[in-house]
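What you see is a predicted model, and the numbers here were worked out from it, not measured in a lab. Remember, it's 1-based here, ligands and their atoms both numbered in the order they're listed.
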Amino acid sequence: MQVSRYANVHQLSFMPRMFPVNCYLVEEEDGLTLIDAALPYSMKGILLAAKRIGKPIVRIVLTHAHSDHIGALDGIKEALPDAPVYISARDSRLLAGDRSLDPDEPATPIRGGVPEKVKTRADVLLYDGDLIGSLRAVSTSGHTPGSMAFLDTRSGALIVGDAFQLRGGIAVSGQMRPLFPFPALATWNKEVALASAVQLLQLEPKLLAVGHGKMLHHPLQAMSRAVEQAKANLHSQS
Ligand SMILES: [Zn+2]
């Protein structure tokens, strides 16, 4: 596990060289907010990282319900039963194993692994604009229907789950990077993902923190390049 830090945000990266899977600990006055829960074996590392920071994990927030973002969720919830679990109302259905789509959603299939045996359910359902401590929830539908990003309103750090990837080259969710194709393969709807990426860019984050890849400082140029590339790709396909 590799730990890096920007302001109040600590990135925990598992298997950083082969198949990097990240989760985050965000410092608040009352303790730590864990964003995502990586892989099943990551539990020890997450608890150890919190111990080193010296604050308890007081809440668990999920960007989306894919297995490499909720792997240690059951274990951590068992170790910290008082920490409420937050996820978007839309992806709480996916967390519960329901892959059905709403009538007003594009009819592309939801992709990516969702573990069938996950026991933990949401305690708090999130909607666009909700505040969780210093974090503002931003709906970023596309990778999954209910994906969410979280903007640290103190530092401008933006934690986006898989709405963007950085490993293998920056990309909007759904745009394939041959060196790390997995987030694209797991994306529900590329057009919706692109619209969400444009919204994230408009937040003008100071730091981009993703599920797969190192944190990127001053990310605006790279993000807008990725958005333009995704636009060009989608237009040439239609
Ligand atoms: Zn994902």
Would you say the Zn ion (ligand 1) has H143 as a near neighbour, meaning an N/O/S atom of that residue under 2.8 Å away?
yes
Worksheet entry | Aromatic contact, F19 with F182 (centres under 6.0 Å) | yes
- Query: How about F180 and H212: are their ring centres within less than 6.0 Å of each other?
  - Reply: yes
D68 near the Zn ion (ligand 1): N/O/S under 2.8 Å:
no
Among the N/O/S atoms of H66, the Zn ion (ligand 1) lies closest to ND1
Nearest heavy-atom approach of A193 to V172 is O-CG1, 3.9 Å
- Does a salt bridge link E105 with R90, judged by any charged N lying under 4.0 Å from a carboxylate O? yes
OD2 (D162) to the Zn ion (ligand 1) to NE2 (H64), nearest 10°, is 100°
